[in-house]
Amino acid sequence: MIEDRITQITIEGFKNLYNHDINPGIIQIGKTNPEFRGDFTVVVFPLLRFSKKSPQITAEELGNYLLSNLTELESFEVIKGFLNLLIKDKYWIDFFMTGVNDIEFGIQKIKDTTPVIVEYSSPNTNKPLHLGHIRNNLLGYSIAEILKANGKNAIKINLINDRGIHICKSMLAWMKWGGGETPVSADMKGDHLVGKYYVLFDQKLKEEITGLVEKGYSKEDASNQAPLMKEAQELLQKWENDDNEVRKIWHLMNGWALEGFDRTYKRLGVDFNKFDYESDLYLLGKKLINEGLNKGVFFKKDDGSVWVDLTGDGLDEKLLLRGDGTSVYITQDIGTAETRYNDHKPAKMIYIVGNEQIYHFDVLKKILKKLGRVWYEIIFHLSYGMVELPQGRMKSREGTVVDADDMMDEMFLTAKKTTEELGKIENFTSGELEELYAIIGLGALKYYILKVDPKKNMLFNPEESIDFNGNTGPFILYTYARIRSIFRKAGQEPEDFLKILDLNKISLLESEKEIIKIIYQYPQVVKNAGESLSPALIANYCYELSKSFNHYYQDTPIFKRVDGDTANFRLILSWFTGRIIKHSAGLLGIQVPERM
RNA sequence: GGUCCCGUAGCUCAGUUGGAUAGAGCAACAGCCUUCUAAGCUGUGGGUCGCGCGUUCGAGUCGCGCCGGGAUCACCA
């Protein structure tokens, strides 16, 4: 990195010019603002206390020192307290040549085999996935890919929340009113069928509660004593007691839900290294609760329920086990964390879970700490923001959710409609078109979601379809397709041009240097994205690069009407750009088309 | 009420560890296909970075206090 050289020689310069040893930390090197001439800018203000001279003079003196000691430096210019450095084209051309020959450009070559666990998706098996889950899945998948590009051993785990009172509700409704309906008989995806009964349960329960309230019960009593609620709770106890009949139905309905999820995952293009099932792990949590009781860090109330007192940590008392002995959510999370730690000894356990559960993870870590699990510190909750609709957040039970499968259908149709309107379907087979629509539709959706900073809430308006122009996924795909098209027209593959590439006579256009400089940043962007676990950085970068290329392409002939060496260079520059677009899109889980 | 997150153009979002006159896209308007894909490119208009005080040579960025919005504090997950 040339920045490191600038830093190093600046330190040297301060020693020679002013006889001061300065700390590399205070040397600020940034990109030069586009309105000025230069590639990098050294901000001299923080250095004045060492030079004891005015900003102008200090910058001049440092500039001259750099000019005679940094061979890559072409010239410099001082404006106010800013020392703008212009780097020689040769440096950029050399970088270009090295990068283009590095087939793994941008990714970390030093591999770290210590596992980093990324838990994401983690659906409940009582209802289908919605747009919020899509955000979760895309973030999880992308973050794992970004970590891999940073040389980490990312392990993707999906924890299936397949037990609990919510599952029992769907089961109960199906047992009572299902009439033996199956996904086949109903011609419905399994997860949607199970979800249908979850909603039905809720409706019937509400009716019961209303009835009870009319009879004079308080709202709270009515909710607690509604027969359906009691039945669901009994079902949960039977389940925990391994009741054969209950387990059979549970197995059946979970199977439907999981089969449905599987199809959604495949279509969305996400995958996992491992599936954990809450039903397998929740008992471990109970064991740890006992350990805590024995150690005296938890306590039991008269009704038999188990609690932990976190008031000393600024939180509240938290329930760990119900009075009837059944587990709650956090019970199994304690067991799961312990198992994962023991099984993998990971450097980090990243949980991709919505920001509504910040408190939950706070509690989890504090509990593990109380149990003496010092590794609680490796738990990192990536709390992403909600996807909101114009009328507020999505609510499954109120039917204000955007279903994941519907969403993908819609994106596919929009892609189809747009492509047809633009008249770009000639020379495609119908199979190729299907594939193209899927790539474009999903690309638009994924980019739309991932370009937003994960921790921020985001708005989705179903009335306005996701855009295909401007700062969008299709824009990026289009740029890639354009580049591929160039090679079809040029008649040879990039490697053929690379073989005969001669850069000796090339002088860079501003727009070419601009693209090379953006490519130059790529490894650092990948690194930043890995450190901050933010696919948004990759998305914004990919857009920036695409935009820059489109600008270039608009008024620069790539291989027509230019001499051979220039054409070779421009072709290879286009190829390199395309490679970075494809790679960065890949980190987002976005595929690119050969044509569109 | 306690804790946490957010507030940047009409809308959706960027804005590196504090640096130069705060950027994109959409929407609006005006242009550009006889040359490699116009899902593109160029231009115009649009801002009290919620408000105030402070730290600093310098604050959208850091600190404190307000205002507004959201999340959470369940024998829900």
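Computed from a predicted model, the values in this text were never measured in an experiment.
- Using a cutoff of 4.0 Å between basic side-chain nitrogens and carboxylate oxygens, R482(A) and E594(A) are not scored as salt-bridged.
- Spacing between rC4(B) and rG45(B) at atom C1', rounded to whole Å, works out to 40 Å.
- Using a 4.0 Å cut-off between charged nitrogen and carboxylate oxygen, K286(A) and E240(A) count as a salt-bridge pair.
- For K31(A), the side-chain atoms get nearest to rU16(B) when compared with the rest of rU21(B), rU16(B), rC13(B).
- Whole-Å rounding puts the K456(A) NZ to rC13(B) P distance at 9 Å.
- Surrounding CZ of R488(A) are more than 12 heavy atoms belonging to other residues, nucleotides or ligands, all under 6.0 Å away.
- As rounded to whole Å, 11 Å separates atom C1' of rC76(B) from atom CD of Q233(A).
- The CG atom of L315(A) sits 11 Å away from the C1' atom of rC4(B) (whole-angstrom rounding).
- Along RNA chain B, the nucleotide nearest to I29(A) and the one nearest to M229(A) differ in position, and the one closer to the 5' end is contacted by I29(A).
- Separating the NZ atom of K169(A) from the P atom of rC76(B) is a distance of 8 Å, rounded to the nearest angstrom.
- The aromatic rings of F40(A) and Y520(A) stand perpendicular to each other, their planes meeting at an angle above 60°, with 30° marking the opposite boundary.
- The aromatic rings of W239(A) and Y282(A) sit tilted, their planes meeting at an angle between 30° and 60°.
- Here D453(A) lies in heavy-atom contact (under 4.0 Å) with sugar-phosphate atoms only.
- Nucleic acid contact class of V43(A) (heavy atoms, under 4.0 Å, all strands): base.
- Of the two residues near RNA chain B, Y543(A) and Q357(A), the one whose nearest nucleotide lies more 5' is Y543(A).
- The line from CZ of F261(A) to OG1 of T125(A) is 6.5 Å long, rounded to the nearest 0.5 Å.
- For rA74(B), the OP1/OP2 oxygens have no side-chain nitrogen or oxygen of R322(A) closer than 4.0 Å.
- Distance noted for atom P between rU16(B) and rC6(B): 13 Å (whole Å).
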Given Watson-Crick and G-U pairs under 3.5 Å, RNA chain B in dot-bracket ([ ] crossing, | other strand) is (((((((..((((.....[...)))).(((((.......))))).....(((((..]....))))))))))))....

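- Other residues, nucleotides and ligands place no more than 12 heavy atoms under 6.0 Å from the CD atom of E435(A).
- rA27(B) and rG68(B) have their P atoms separated by 35 Å, with the value rounded to a whole Å.
- rA14(B) and rU44(B) have their C1' atoms separated by 22 Å, given to the nearest Å.
- rC67(B) and rG31(B) are spaced 45 Å apart, taking the C1' atom of each and rounding to whole Å.
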Each nucleotide in nucleotides 33-43 of chain B should get exactly one letter: B, S or -. Can you fill that in based on protein heavy atoms under 4.0 Å?
--BBBSBBSS-

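- Atom NE2 in H166(A) sits roughly 16 Å away from atom C1' in rA74(B) (whole-Å rounding).
- Of the candidates rG19(B), rC73(B), rA77(B), rC73(B) carries the atom nearest the Y359(A) side chain, counting heavy atoms from C-beta on.
- Look at the P atom in both rG10(B) and rA71(B): the space between them is 26 Å, to the nearest Å.
- Atom-to-atom, CG of D362(A) to C1' of rA71(B) comes out at 13 Å; the value is rounded to the nearest Å.
- With hydrogens and angles ignored, a donor-acceptor pair under 3.5 angstrom links the side chain of N84(A) to the base of rA20(B).
- Between R37(A) and rA20(B) there is no side-chain N or O to OP1 or OP2 distance below 4.0 Å.
- Pairing each heavy atom of D39(A) with each of K517(A), the nearest pair is OD1-NZ, 2.8 Å.
- With its glycosidic angle more than 90° from 0, rC4(B) is assigned anti.
- Aromatic ring orientation, F82(A) versus F45(A): perpendicular (interplanar angle above 60°, classes split at 30° and 60°).
- No more than 12 heavy atoms of other residues, nucleotides or ligands shown are found within 6.0 angstrom of NZ on K582(A).
- Per the geometry, NZ belonging to K80(A) stands 14 Å off P belonging to rG58(B), to the nearest Å.
- Between rG2(B) and rA28(B), the two P atoms lie 46 Å apart (nearest whole Å).
- Using the six-membered ring where Trp is involved, H133(A) and H130(A) have ring planes that are tilted, between 30° and 60° apart.
- In this structure, R135(A) and D453(A) approach most closely via the heavy-atom pair NH2-O, 3.2 Å.
- Nucleotide rC26(B) holds its P atom 18 Å from the CG atom of L459(A), rounded to whole Å.
- Taking atom C1' in both rG47(B) and rG15(B), one finds a spacing of 15 Å when rounded to whole Å.
- No contact: P55(A) has no heavy atom under 4.0 Å from any strand.
- Heavy atoms of E35(A) sit under 4.0 angstrom from at least one base atom.
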